[in-house]
Amino acid sequence: MSEHMRWVTGSSVAYGLAHMNSQSAVAELMDRLDALSVSSLQGVIRLSVPYRVDSLMGWLEAQTVFPRGYWKARDAGAPEYATLGVVSAADSLEMLQADLAKLATLPGEQPDYFGGMAFDATSPGWAHFKNCCFILPRVELKRSQQGTLLTLNLRFDDRCGDHEIAEARAFLASLQQEQPLPPLRPHAYLRYDAPAQQAWSAWVSQVTHADQLCHTPKVVLSRETRLVIADDASKTPSPWALLGRWQAEAAACFQLGIQWNSETAFIGCPPERLYQREGTQLVTEALAGTTHRGADAQQDQYLAEALLADTKNSLENQCVYEDILARLEPLSHVVQTGEAHVLKLHSVQHIRRLIHAELHHTVTDQALLASLPPTPAVGGVPRALALAFIRQHERHQRGWYAGVFGRVSLASTELAVAIRCAHIGANEIRLYAGAGIVAGSQPDAEWRELDNKIADIMSLLNMG
């Protein structure tokens with residue numbers, strides 16, 4: 001045993017009193033790999049060492065392999081995760097649930113999978129993004145109130161043990177030390193909105209027509225704002241530098257990122273939880289209805305009270321709330337609901353209602369993800385008719401915007417609705433925002449709401 005204290009929990013081994021630098025941590029993990037008896041290993045083995053790092057974004061930026069991922073729940077004190085590489089990948093909910101169930105029957109730890117789903121699996125998606133993908137990363141960097149751990153994941157139930165060890169050693173050898181994030185340099189962007197404002201107004205008028213409202217009381221329309229770098233010699237900002245700056249203004253939000261290769265990434269700071277599950281205990285919410293923030297505390301409070309009293313915004317939230325309750329009814333036997341209140345974010349305020357449910361013991365994340373998304377907060381009511389309208393009218397591809405992103409395991413799951421996001425390409429950034437259109441919606445007001453929802457990231461790009 002080295003001078004570091006060793007402790008063991010299940011099949012996960014961690015070392016340390018003092019956090020190690022990159023070279024020491026990699027050397028320690030290499031030693032642990034050498035000590036494994038491959039012939040007796042099954043399931044997932046997790047080897048962990050304490051690790052010294054200032055910025056998880058800076059650590060991700062420095063790496064040379066993909067995919068790179070980031071996840072942090074919005075709750076105060078929630079751990080943050082940086083992930084790197086792939087041990088296993090599930091490209092459907094059925095594959096994910098089957099894999100988790102299989103690992104539950106084997107020795108070893110029950111790992112976390114990280115990933116997400118597109119808004120509409122029946123529509124064409126984004127290049128390099130599958131409609132569903134959850135991965136068990138090769139390396140996971142987790143920072144919590146207890147400290148930071150670097151964890152190496154190994155899997156022995158479906159592959160050659162010696163080959164798995166060799167791959168893990170090569171991966172560890174590729175790890176790079178954290179580097180400072182590059183600055184966000186100003187760029188000149190050309191802006192293209194899809195739809196343009198005139199077409200948007202026509203859509204809103206169509207949704208709010210009496211003949212449409214009688215069978216589809218809410219449709220969430222979205223806009224893609226495409227920012228193209230005007231200088232051909234320039235590249236888009238680093239997604240990790242952009243997310244690192246963005247999260248400073250989004251402490252009350254989830255924070256997420258996935259970079260599949262050097263050309264494309266998806267980042268966001270969404271305020272809305274799809275659900276949080278601990279065993280059979282589930283928490284979700286109806287988050288819909290929006291106004292802007294005030295110039296001072298008095299005006300801010302006035303706007304919040306006016307939001308709660310506003311008929312149009314209350315109707316929008318009520319549509320979401322009632323639909324979630326209806327979808328939870330066959331999956332749970334106890335539901336508790338909270339009063340409507342206002343969630344205050346950096347640039348906007350939303351109406352929110354919390355919902356607590358006790359799930360039936362047979363209900364899985366697969367069942368929840370097959371039922372809950374897309375919620376009426378991003379789709380509409382009733383779902384089928386609202387999605388039909390969206391598919392007919394929207395010409396841009398939502399991809400993972402308004403989809404699902406987060407962490408999934410057998411024991412617990414935390415997922416966000418992937419709004420307030422950016423899809424980053426080689427020389428362009430695509431921003432997305434949506435607005436719930438119901439009776440009383442006004443086209444110009446809804447257009448301004450879209451601009452309010454992308455204001456934070458636009459200001460980071462010096463376009464606010």
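The number of heavy atoms from other shown groups lying within 6.0 Å of NZ (Lys344) is above 12.
For Ser144 and Gln146, the side-chain atoms include at least one donor-acceptor pair closer than 3.5 Å. No side-chain donor from either of Glu140 and Tyr81 sits under 3.5 Å from a side-chain acceptor of the other. The closest side-chain donor-acceptor pair between Arg52 and Ser24, if any, does not fall under 3.5 angstrom. In this model, a donor atom of one side chain and an acceptor atom of the other lie less than 3.5 Å apart for Ser347 and Asp456.
Taking the centre and axis of the six-membered ring of Tyr192, the NZ or CZ atom of Arg226 falls inside the cone set by 45° and 6.0 Å. Cation-pi contact between Arg68 and Phe66: present, with separation from the ring centre below 6.0 Å and deviation from the ring axis of at most 45°. Because its NZ or CZ atom is both nearer than 6.0 Å to the ring centre of Phe119 and within 45° of the ring axis, Arg398 counts as a cation-pi partner of that residue.
The side chain to side chain contact (heavy atoms under 4.5 Å, CB included) test applied to Ser441 returns Val204, Thr208, Lys312, Ile437, Val438, Glu446, not counting sequence neighbours. Partners of Asp157 according to the salt bridge (Lys or Arg N to Asp or Glu O under 4.0 Å) rule, which considers only residues two or more places apart in sequence or in another chain, are Lys102, Arg155.
Side-chain rings of Tyr401 and Tyr432 approach one another, their centers coming within less than 6.0 Å.
Ring-plane geometry between Trp260 and Phe129 is classed as perpendicular, the angle between the planes exceeding 60 degrees on a 0 to 90 degree scale with a lower cut at 30. Relative orientation of the His187 and Tyr189 rings is perpendicular, given thresholds of 30° and 60° on the angle between their planes. Below 30°, between 30° and 60°, or above 60°: for Phe405 and Phe266 the angle between ring planes is between 30° and 60°, a tilted geometry.
Paired with Pro374 under the rule side chain to side chain contact (heavy atoms under 4.5 Å, CB included), one option of Val417, Leu387, Asp120 passes, and it is Leu387.
Ion pairing between a basic and an acidic side chain is recognised when a charged N comes within 4.0 Å of a carboxylate O; Glu164 and Arg169 show no such pairing.
Remark: the backbone N or O of Tyr275 is not paired with any side-chain donor or acceptor of Arg273 at under 3.5 angstrom.
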